[in-house]
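For reference, positions follow the sequence shown, starting with 1.
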Amino acid sequence: MMPKWGALLLMSLITGVAHSSEPQIFGWLEHGEIEGIALDFKLDTGADTSSLDARSIREFDQDGKHWASFVVPSAADGEAHRFERPIVRYALVRGAGGSERRPVVRMTVCLADEQYREEFTLNDRSKMSYPVLIGRSTLQHMHAAVAAERQYTRQGDCAN
């Protein structure tokens with residue numbers, strides 16, 4: 001069995017991240033916020049790009065740029081939050097059902113008192129267990145490692 005520090009070193013080598021400090025350890029499920037909306041996050045090292053449960057996705061052009069309008073449902077407050085964001089790129093997402101092209105937008109994420117501006121694919125995740133999937137690119141920016149046996153390890157105040 002590999003010691004915990006060995007697993008963290010291996011994670012750093014695999015992701016190509018070299019930091020002088022130890023990575024933050026998170027559980028595979030965490031509470032967080034996206035643009036102030038409290039949501040449960042599934043941290044998934046098998047996904048490259050993070051994904052957000054977005055409904056009523058509509059793409060449009062504004063000032064010569066591609067934009068997306070979408071609604072993010074919140075189980076916590078029962079509200080549907082509408083957003084409009086520029087599309088920064090499209091991601092080809094492959095899964096068991098084939099592949100599809102999804103718009104990617106930047107959103108502000110808060111996890112354990114830290115805020116990050118990250119990319120999210122927009123997709124209806126209503127049939128999924130968790131509304132937010134945090135992928136490897138976001139985990140790398142957070143300098144985070146995931147402990148598969150842990151859940152909800154961080155209590156933070158995202159209002160800062």
Straight-line distance of [X] [atom1] to [Y] [atom2], nearest 0.5 Å:
{"X": "His31", "Y": "Tyr152", "atom1": "NE2", "atom2": "OH", "result": "5.0 Å"}
{"X": "Ser74", "Y": "Asp53", "atom1": "OG", "atom2": "CG", "result": "10.5 Å"}
{"X": "Gln62", "Y": "Trp67", "atom1": "CD", "atom2": "CH2", "result": "5.0 Å"}
{"X": "Leu122", "Y": "Arg85", "atom1": "CG", "atom2": "CZ", "result": "10.0 Å"}

Donor-acceptor contact below 3.5 Å, side chain [X] vs main chain [Y]:
{"X": "Ser137", "Y": "Asp48", "result": "yes"}
{"X": "Glu114", "Y": "Leu111", "result": "no"}
{"X": "Ser50", "Y": "Gly135", "result": "yes"}
{"X": "Asp44", "Y": "Gly46", "result": "yes"}
{"X": "His81", "Y": "Gly36", "result": "no"}
{"X": "Glu84", "Y": "Ser69", "result": "no"}

What pairs with Arg102 under salt bridge (charged side-chain N to carboxylate O under 4.0 Å, His left out), at least two apart in sequence or on another chain?
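By the salt bridge (charged side-chain N to carboxylate O under 4.0 Å, His left out) rule, Arg102 matches Glu100.
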Under the salt bridge (charged side-chain N to carboxylate O under 4.0 Å, His left out) rule, collect the residues that match up with Asp124, sequence neighbours excluded.
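For Asp124, the residues satisfying salt bridge (charged side-chain N to carboxylate O under 4.0 Å, His left out) (neighbours in sequence not counted) are Arg55.
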Aromatic Phe26 / basic Arg154 pairing, under 6.0 angstrom, 45° off normal
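Yes, cation above the ring, under 6.0 Å and within 45°.
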Sequence neighbours left out, what passes ring pair (Phe, Tyr, Trp, His ring centres under 6.0 Å) with Tyr116? Give chain and number order.
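Partners of Tyr116 by the ring pair (Phe, Tyr, Trp, His ring centres under 6.0 Å) criterion come out as none, since no residue qualifies.
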Tell me, which pairs form a side chain to side chain donor-acceptor pair (under 3.5 Å) where one or both residues lie in residues 88-98, sequence neighbours left out?
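Residue pairs with at least one partner in residues 88-98: Thr49-Arg89, Glu59-Tyr90, Arg89-Glu119.
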So if you build clusters from Ile, Leu, Val, Met, Phe, Trp, Tyr with side-chain heavy-atom gaps below 4.5 Å, do Phe83 and Ile57 land together?
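Hydrophobic grouping puts Phe83 with Ile57.
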Tell me whether Val146 is reachable from Ile134 by hopping between hydrophobic residues (I, L, V, M, F, W, Y) whose side-chain heavy atoms are closer than 4.5 Å.
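Both belong to a single hydrophobic cluster.
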Which residues end up grouped with Val71 if you chain together Ile, Leu, Val, Met, Phe, Trp and Tyr wherever their side-chain heavy atoms are less than 4.5 Å apart?
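Val71 clusters with nothing; isolated.
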With sequence neighbours excluded, give me every salt bridge (Lys or Arg N to Asp or Glu O under 4.0 Å) pair touching residues 60-73.
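Residue pairs with at least one partner in residues 60-73: there are none.
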Glu118 and His141 side chains, donor-acceptor separation under 3.5 Å
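Note: His141 and Glu118 side chains meet the donor-acceptor criterion.
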Using side-chain heavy atoms (C-beta onward) and a distance below 4.5 Å, is [X] in contact with [Y]?
{"X": "Arg125", "Y": "Leu133", "result": "yes"}
{"X": "Leu29", "Y": "Lys42", "result": "yes"}
{"X": "Val105", "Y": "Phe70", "result": "yes"}
{"X": "Leu52", "Y": "Ile34", "result": "yes"}

